Amino acid sequence: MFNPDTTQLMKKWGVDLDASLRTLALTHRSWAFEHDTKHNERLEFLGDSVLGFIAADWIYEQFPEDTEGDMSKVKSASVSEKALASVARDLDLGSYIRLGVGEERTGGREKDSILSDTVEALIAATYLQYGIETTRTVVERHIVPLIRTATTLGPALDWRTAFEEKARAMGLEHVDALRYEIRGEGPDHARIYTAKLYLADTFWGEGTGSSQKVAKLAACEDAYRRLTGESR
């Protein structure tokens, strides 16, 4: 259910945003199209880059012995759609997003893709109003726990790399020919993607998600578990 009173959200977030920026950051395109107003996708674009920089900078400083590959894996896991959606749920962010009728009916307030995009929009709004140092403080407050968790994930840190490395170690052929077949179903506002992973023509794994990226990662996890004989 939509909650127009964002007082508690701003307290949890860490700074109080101007009304106009706050409203824009919380406006999904489905609402904008129905009400002929602006939506938060430009903020998402900016927020993604600001988040990436802050996360990379923190990881670089805190893990001086890590390789570029190690740092990249930790960063990817800690700013992923799934990770940001967990931040959003801690904030109860779904309750404050302005959604169109279609998204409301199809559970948009709980979709990882919408939740994570809105977190990025809030990051951008914070940056535009307060600058990089205040934004750094806010972002680190929410993502440092995710970064610390990411360092303990093992193969779950990067399912594709884990699968490729294990496949090579086991002598599988065509690892360099890894490819996906992706199918999307449903309306644009509620599209679900299914990805199938192949090495050349050999099927290895399948996964679904609200975006192609999430579906691919799920397929890689499935492939890794099939290869190693692990259950979920």
Side-chain angles (χ1 to χ4, degrees), residues 2-4 6-33 37-62 71-100 103 108-150 188-189 209-214 217:
F2 176 64
N3 182 1
T6 57
T7 304
Q8 290 301 313
L9 173 62
M10 292 294 95
K11 288 181 179 178
K12 292 180 180 180
W13 181 244
V15 293
D16 191 20
L17 296 169
D18 289 340
S20 58
L21 269 175
R22 182 171 66 244
T23 298
L24 180 59
L26 295 171
T27 301
H28 188 256
R29 64 177 178 177
S30 60
W31 170 284
F33 292 164
T37 188
K38 293 182 178 180
H39 54 74
N40 62 11
E41 289 186 356
R42 283 175 54 84
L43 287 177
E44 291 168 20
F45 168 80
L46 177 59
D48 177 68
S49 294
V50 174
L51 169 63
F53 164 71
I54 293 172
D57 186 53
W58 194 91
I59 293 166
Y60 180 85
E61 293 296 333
Q62 295 297 317
M71 291 189 294
S72 293
K73 290 177 185 178
V74 171
K75 174 176 173 286
S76 294
S78 57
V79 301
S80 67
E81 179 179 291
K82 182 178 180 180
L84 293 183
S86 73
V87 171
R89 291 189 173 93
D90 287 343
L91 297 167
D92 191 29
L93 184 56
S95 298
Y96 303 96
I97 302 173
R98 300 203 297 176
L99 294 174
E103 280 293 355
R109 298 191 186 282
E110 284 299 318
K111 291 180 181 177
D112 283 2
S113 56
I114 292 177
L115 292 173
S116 62
D117 287 346
T118 308
V119 171
E120 291 176 342
L122 284 175
I123 291 170
T126 304
Y127 170 72
L128 291 173
Q129 183 171 341
Y130 291 98
I132 190 63
E133 291 309 319
T134 296
T135 306
R136 183 195 301 273
T137 300
V138 171
V139 169
E140 288 182 354
R141 171 182 174 183
H142 295 293
I143 71 162
V144 166
L146 301 177
I147 294 173
R148 295 193 187 282
T149 297
D188 288 343
H189 64 270
S210 58
S211 68
Q212 292 189 32
K213 182 177 181 179
V214 172
L217 288 175

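Worth saying up front: this structure is predicted, and the values here are computed from it rather than measured. Every heavy atom of this structure was used, including side-chain atoms; hydrogens, water molecules and symmetry mates were not.
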Could you check whether atom CZ of Arg141 has more than 12 heavy atoms from other residues, nucleotides or ligands sitting under 6.0 Å from it? yes
Would you find more than 12 non-hydrogen atoms of other residues, nucleotides or ligands less than 6.0 Å from Tyr60 atom OH?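 Count not over threshold, so no.
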Working to the nearest 0.5 angstrom, can you tell me the gap between [X] [atom1] and [Y] [atom2]?
{"X": "Leu24", "Y": "Leu122", "atom1": "CG", "atom2": "CG", "result": "10.5 Å"}
{"X": "Tyr96", "Y": "Leu9", "atom1": "OH", "atom2": "CG", "result": "5.5 Å"}
{"X": "Leu51", "Y": "Thr126", "atom1": "CG", "atom2": "OG1", "result": "11.5 Å"}
{"X": "Asn3", "Y": "Asp92", "atom1": "CG", "atom2": "CG", "result": "8.0 Å"}
{"X": "Ser80", "Y": "Lys213", "atom1": "OG", "atom2": "NZ", "result": "7.5 Å"}
{"X": "Lys75", "Y": "Ile54", "atom1": "NZ", "atom2": "CD1", "result": "11.5 Å"}

[X] bridged to [Y] by N-O distance under 4.0 Å:
{"X": "Lys11", "Y": "Asp16", "answer": "no"}
{"X": "Glu41", "Y": "Arg29", "answer": "yes"}
{"X": "Arg89", "Y": "Asp112", "answer": "yes"}

Are the side chains of [X] and [Y] in touch, meaning some heavy atoms are under 4.5 Å apart?
{"X": "Ser78", "Y": "Ile143", "result": "no"}
{"X": "His28", "Y": "Glu103", "result": "yes"}
{"X": "His39", "Y": "Trp31", "result": "no"}
{"X": "Leu128", "Y": "Leu46", "result": "yes"}
{"X": "Asn40", "Y": "Glu120", "result": "no"}
{"X": "Ile97", "Y": "Arg109", "result": "yes"}

Applied to residues 47-58, the side-chain hydrogen bond (donor to acceptor under 3.5 Å, both in side chains) test, sequence neighbours excluded, yields Asp57-Arg136
Side chains of Thr118 and Glu44 only: does a donor on one sit below 3.5 Å from an acceptor on the other? no
So, for [X] and [Y], which heavy atoms are closest and what is the spacing to 0.1 Å?
{"X": "Leu115", "Y": "Leu93", "result": "O-CD2, 4.0 Å"}
{"X": "Thr27", "Y": "Lys38", "result": "CG2-O, 3.4 Å"}
{"X": "Glu81", "Y": "Ser210", "result": "OE2-OG, 3.3 Å"}
{"X": "Leu84", "Y": "Ser116", "result": "CB-CB, 3.6 Å"}
{"X": "Thr135", "Y": "Tyr127", "result": "OG1-CA, 3.1 Å"}
{"X": "Glu140", "Y": "Pro145", "result": "O-CD, 4.1 Å"}

Keeping Ser86 on the side-chain end and Ala83 on the backbone end, is there a donor-acceptor pair under 3.5 Å? yes
Stepwise side-chain contact (heavy atoms from CB on, under 4.5 Å) check, Asp90 with Lys12: CA-CA 9 Å; Asp90 287 343; Lys12 292 180 180 180; over 6 Å; no
Determine, step by step, whether Thr6 and Arg22 satisfy the side chain to side chain donor-acceptor pair (under 3.5 Å) criterion, reporting the C-alpha distance in whole Å, the side-chain angles of both residues, the deciding distance to 0.1 Å, and the verdict. CA-CA 9 Å; Thr6 57; Arg22 182 171 66 244; 2.9 Å; yes
With sequence neighbours excluded, tell me which residues meet ring pair (Phe, Tyr, Trp, His ring centres under 6.0 Å) with Phe53.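 Checked Phe53 against ring pair (Phe, Tyr, Trp, His ring centres under 6.0 Å); zero matches.
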Please collect all ring-ring contact (aromatic ring centres under 6.0 Å, His included) contacts where either partner lies in residues 129-148, sequence neighbours excluded, each pair once.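 Output for this query lists Trp13-His142.
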